Amino acid sequence: KPIGIFDSGIGGLTVLKEIAKLLPNENLMYLGDTARVPYGIRSAETVIKYSLECASFLFKKEIKMLVVACNTSSSVSLEILREKLPVPVIGVIEPGVRAALKVTKNGKIGIIGTEATIQSEAYPKKIKTLKPDTEVISKACPLFVPLVEEGILEGSIAELVVEKYLKDLKHSGIDTLILGCTHYPLLKKTIQKYMEGIRLVDSAQEIALEVKNLLIHQELINKSSEHGLKTFYVTDSPERFKKIGEIFLNYEINNIFKVSLEE
Ligand code: DGN
């Protein structure tokens, strides 16, 4: 049985990439809701509705586990997805938070994400439940997503945008910064250069570790020695997904199918 992964669009490929790296034999089924991206600017109610539709599509494909790659969706719909689905559901928030709490030395953590993720306060709430005396500083960085989708990952434009959003955080005393959005790992080099000395937590890597642990723990791991299959579903035309997705994955994407999520 495959692992189902969904995202509002292309960005979740950073999560798929890390899962494939750690678990090369697993079959992965990815759904990108490209017709309705971005989720980051929508209301919680709408994001929950979209997320349930994505989850239900993948569930019908008999997945053994659901990975919510989208930070925005994880922030507002994880609980309800867990209630509705009879398979394990993992979101990106918890693994990122746990990793950040492990690496911070001074207990001051920064979070960056989309407008919706930051507004939901999902990250600070999770941090406070696990370690109440942590100081959390959040910042929405709305231009990062379009920047990445244009393939502008390094160079002067990327550096200017990074500076615009991260200037205050850089001088705030944080020692750890959570990249709370699917797209941000692609800007890691530029962000790290600007945020010198601050530890970056890549939530895509952290969720991949969590997926592996859960598969082992629940004895769901694929024992076959063959390389896993990757299948991609999109709700808008596959061309853009293929073009930008290949920037994310660094290899050619095949097996892309256009689907409709209407019931
Ligand atoms: N996938 C979204 C996230 O991780 O928050 C980013 C893209 C979007 O919907 N704005």
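Order of appearance sets the numbers: ligands from 1, and atoms from 1 within every ligand. Quick caveat, the model's predicted, so the values are computed rather than measured.
In terms of protein heavy-atom proximity, atom 7 (C) of ligand 1 is nearest to S8 OG, 3.6 Å. Closest to atom 5 (O) of ligand 1, if we only count protein heavy atoms, is T72 OG1, 2.7 Å. Ranking the protein heavy atoms by distance from atom 10 (N) of ligand 1 puts P38 CB, 3.2 Å first.
The aromatic ring centroids of F257 and F232 lie 6.0 Å or more from each other.
Shown in contact with D7 at under 4.0 Å from a heavy atom are these atoms of ligand 1, numbered in order with element: 1 (N). In summary, the atoms of ligand 1 found under 4.0 Å from a heavy atom of C181, numbered by their order in the structure, are 3 (C), 4 (O), 5 (O), 6 (C). Counting atoms of ligand 1 from 1 in the listed order, those under 4.0 Å from a heavy atom of Y39 are 8 (C), 9 (O). Near H183, meaning under 4.0 Å from one of its heavy atoms, ligand 1 places the atoms 6 (C), 7 (C). Close contacts of ligand 1 with T182, meaning ligand atoms under 4.0 Å from a residue heavy atom, involve 1 (N), 2 (C), 3 (C), 4 (O), 6 (C). When each atom of ligand 1 is checked for a heavy atom of G40 under 4.0 Å away, the hits are 8 (C), 9 (O), 10 (N).
Residues I191 and L166 meet the side-chain proximity criterion, which asks for heavy atoms closer than 4.5 Å.
The two residues C181 and T114 come nearest to each other via the heavy atoms SG-CG2, 4.0 Å.
Under the 3.5 Å distance criterion, with hydrogens and angles disregarded, no donor-acceptor pair is assigned to the side chains of Y39 and D7.
Heavy atoms of I41 found under 4.0 angstrom from ligand 1: none, in either backbone or side chain.
Aromatic ring orientation, F57 versus Y233: perpendicular (interplanar angle above 60°, classes split at 30° and 60°). Classified by interplanar angle (parallel below 30°, tilted 30° to 60°, perpendicular above 60°), the ring pair Y184/F144 is perpendicular.
Not close to ligand 1: G113, with no non-hydrogen atom less than 4.0 angstrom away.
Geometrically, K170 engages Y194 in a cation-pi contact, judged by NZ or CZ lying under 6.0 Å from the ring centre and within 45° of the ring axis.
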Q: List the steps and the verdict of side chain to side chain contact (heavy atoms under 4.5 Å, CB included) for K139 and I111.
A: CA-CA 6 Å; K139 175 87 184 166; I111 321 274; over 6 Å; no
